[in-house]
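Read through the structure below, which is laid out as structure tokens, and then see the notes.
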There are 2 protein chains.
Amino acid sequence: MKSFSSYKNPALAIDLVVFGYHDDRLSVLLLNRKDEPFKDQWTLPGAFLQMEESFQDACDRVLGTKLGMNKVYMEQLFTFDDPARDPRGRVISVTYYALINPKKFEVVAGKMANDVQWFDVRKLPALGFDHKTIFKTAHQRLKSKILYYPVGFELLDETFTMPELHHLYECILETKIDRRNFSRKLLASEYIVETGSRREGQQNRPADLYKFNKKLKQNNFQLNIN
Amino acid sequence: MKSFSSYKNPALAIDLVVFGYHDDRLSVLLLNRKDEPFKDQWTLPGAFLQMEESFQDACDRVLGTKLGMNKVYMEQLFTFDDPARDPRGRVISVTYYALINPKKFEVVAGKMANDVQWFDVRKLPALGFDHKTIFKTAHQRLKSKILYYPVGFELLDETFTMPELHHLYECILETKIDRRNFSRKLLASEYIVETGSRREGQQNRPADLYKFNKKLKQNNFQLNIN
DNA sequence: GCAAAAGTGTTGAGGGTACACCCATGA
DNA sequence: TCATGGGTGTACCCTCAACACTTTTGC
């Protein structure tokens, strides 16, 4: 049996598309690179995979050290293999997307970055590498996923109102959704539970607060949009 | 900027779940290994990624040299990263699943294998590495995919009858489907077109032959099962 | 003529869409 | 009391699920 070390292997990177919902809009976290290649340009956060590290470990490392986050919802997206995607040589990129509540974390630029910032998904700057493609793939995946899986709660606070949830869905799907039908559908799915309290101190009638039903494991939720 | 060669990288393998439909059942192609590890055991076909090779190239290489196939429907499945998944050391496995018509190819055991064989998905032998997990992931993906994307045609001949298509769906989904509702639904979707001819020489009433409508690019096909 | 399988049509129930009205709050 | 936004109810339509009869072939 041949030894592995006799083969030369491509480098393996982990790149993350971190979505956040803030100020009534969907955003992505981007990093301004301090070093070449793509110095001073915006890219997705990422890192090279260490030899003993699982993907999860690598993602946690990026989220922890570069962004000051932990325990976030994450899912594998796609593995990008274009031999020309990195000017330094052959780099395979295994990508994940994450959903976080920006209020819970203070983003910090790590050693490798000039800056870290949230960008409205509709107003992204030019991105280095093939990161625009990666972002588009993630955005599309999120749009599909949210229609049959209750993934939006990860972006909101522990408790939230129906109008807040409604607006989040409109934001992600980039469509109008009838709020009454939306409300009925979500309540019928049993994915959300009333808390009994309301969001007070707003301009108008206080909205009921709900929370995600964590006990519910399986469901045939399917949101149909007009 | 650091040189890449200073880093040691995990090995990168490509593994394939090749589905075929034959004798009214769904099968997977397995390979009996000639060498350690898992010598004389069944595994999914695969190979190490070459330095300059894209995933597509690597898949074509495996399908071509080990299985004598070309130009098949293929889709990326998932990338498996368990550091202990290969006894030889750290190997990341990027997996694809393929759909082929077994009648079109004569499978041949390449240099690396004792044997290559189709196995009924319901009667798989023990598999080496984490290939059982990979298979299950692929099977599940195929089940979901076929409900909203006309992927079954890849497994059939150029022309096929409605009962054949119906049985294929029942096979993949492992459920009974009402044949009348199924037929109406498929015809309404415009994914299939009448050829005008019929399957003659059978025991009973000849069935109409259809073919896949290749012109149709986009559709909101969604099959609902009882 | 009979068995077996293929083609086709109908009906009723349920879910979704598209609506309008009432309610609670701050100013 | 008025404007604004949140909560709730209803009717129609359309789709889907359930089901039965007719047709064509081989023996």
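In what follows, chains carry the letters A, B, and so on, assigned in the order in which the sequence lines appear, proteins first and then strands, with residues in each chain numbered from 1.
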**OP:** Work out how much the helix from C:dG1-D:dC27 to C:dA27-D:dT1 bends between its end axes, five pairs an end, to the nearest 10 degrees.
**Re:** 0°

Subject >> Those residues that, when tested against A:Asp15, pass salt bridge (charged side-chain N to carboxylate O under 4.0 Å, His left out) (two or more places apart) >> reply: A:Arg85

**OP:** Kindly write out the residues that satisfy salt bridge (charged side-chain N to carboxylate O under 4.0 Å, His left out) with A:Arg25, not counting sequence neighbours, or none if the list is empty.
**Re:** A:Asp120

**OP:** Classify the ring geometry between B:Tyr97 and B:Phe19 as parallel (under 30°), tilted (30 to 60°) or perpendicular (over 60°).
**Re:** perpendicular

Original post:
Counting just side-chain N and O atoms, does A:Arg199 come under 4.0 Å of either OP1 or OP2 of C:dT25?
Top reply: no

Subject >> Which residues share a side chain to side chain donor-acceptor pair (under 3.5 Å) with B:Lys34, sequence neighbours left out >> reply: none

Original post:
Tell me: NE2 of A:His167 to C1' of D:dG5, nearest whole Å?
Top reply: 14 Å

Original post:
To the nearest Å, how far apart are B:Asn204 CG and C:dA4 C1'?
Top reply: 4 Å

Subject >> Distance under 6.0 Å and angle within 45° of ring axis: B:Lys214 vs B:Phe212 >> reply: no

Original post:
What's the NE2-C1' distance between A:His166 and D:dG6, to the nearest Å?
Top reply: 12 Å

Original post:
Over how many whole Å does the gap from B:Arg198 atom CZ to D:dT23 atom P extend?
Top reply: 15 Å

Subject >> Residue whose closest nucleotide on DNA chain D lies nearer the 5' end, B:Gly201 versus B:Gln222 >> reply: B:Gln222

Original post:
Is the gap between the ring centers of A:Phe153 and A:Tyr73 under 6.0 Å?
Top reply: no

**OP:** Please report, rounded to the nearest Å, how far the C1' atom of C:dG26 is from the CD atom of A:Glu200.
**Re:** 13 Å

Subject >> Spacing between B:Gln203 atom CD and C:dA5 atom P, to the nearest angstrom >> reply: 8 Å

**OP:** Verify the neighbour count for atom NZ of B:Lys211: are there more than 12 heavy atoms of other residues, nucleotides or ligands below 6.0 Å?
**Re:** no

Original post:
Excluding sequence neighbours, so at least two apart, what forms ring-ring contact (aromatic ring centres under 6.0 Å, His included) with B:Trp42?
Top reply: B:Phe119

Subject >> Distance in angstrom units between B:Leu165 CG and C:dA6 P, rounded >> reply: 13 Å

**OP:** Examine A:Lys185 relative to A:Phe182 and say whether NZ or CZ is less than 6.0 Å from the centre of the six-membered ring and inside a 45° cone about the ring axis.
**Re:** no

**OP:** Could you run through nucleotides 7-15 of chain D and give me one letter per nucleotide, 5' to 3': B if any protein heavy atom sits under 4.0 Å from the base, S if only the sugar-phosphate is that close, - if neither?
**Re:** BBBB-----

**OP:** Take the protein atom CD1 of B:Ile177 and the nucleotide atom P of D:dC19, then report the distance between them rounded to whole Å.
**Re:** 17 Å

